[in-house]
Amino acid sequence: MARVEVLSAYRALLKATRKTFAGDTLMLKESAVEVRKKFEENRNVTSNTEIQKLLEEAGEASHFITNMLVQAQLNSDAGSYVVKPGKEHAGAMLELPSEETIRKSG
């Protein structure tokens, strides 16, 4: 049973990253690598208590990625970034980074 739950959590995280970072090849690749790395680090955990804790953390991460992150996209015509939160972001506090911060991270 735990194996099924772990695979489900893994797929949910990958689905969340694919949705949030759609169109951003670098972030899609890097987030998939990071998700895989975290699951591999805990591959040998056998304690049911610890597995449940890790599954809860994976669920929280999926929720955070889906509901708390919004990908900014460059509007090349205006030379600025556009953030379009979806309905899943309703009620969330939106912190917009400055364009300087975005340029530094790119």
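Only this structure's heavy atoms are used, side chains among them; waters, hydrogens and symmetry mates stay out. It should be emphasised that the depicted structure is a prediction, and the values quoted were computed from it without experimental measurement.
Once rounded to the nearest 0.5 Å, the distance linking CD of Q52 with CG of L54 reads 9.5 Å.
Sorted by first then second residue, the ring pair (Phe, Tyr, Trp, His ring centres under 6.0 Å) pairs that include residues 16-36, not counting sequence neighbours, number zero. Residue pairs meeting the side chain to side chain donor-acceptor pair (under 3.5 Å) criterion with at least one member in residues 24-34, sequence neighbours excluded, are D24-Q71.
Two residues are said to be in side-chain contact when any heavy atoms from C-beta on lie closer than 4.5 Å; K19 and K15 fail this criterion.
When all heavy atoms of L28 and G23 are compared, the pair lying nearest together is CD1-N, 4.3 Å.
The salt bridge (Lys or Arg N to Asp or Glu O under 4.0 Å) search around R18 returns none, not counting sequence neighbours.
Checked by atom type and distance alone, the side chain of T20 pairs as donor or acceptor with a backbone atom of I65 at under 3.5 Å.
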Hey, can you pull the donor-acceptor pairs under 3.5 Å for the side chains in residues 6-13, sequence neighbours left out?
none

Donor-acceptor list for residues 41-51 side chains, cut-off 3.5 Å, not counting sequence neighbours:
residue	atom	partner	partner atom	Å
N42	ND2	K38	O	2.9
R43	NE	E40	OE1	3.0
R43	NH2	E40	OE1	3.4
R43	NH2	E40	OE2	2.9
S47	OG	T49	N	3.4
S47	OG	E50	N	3.2

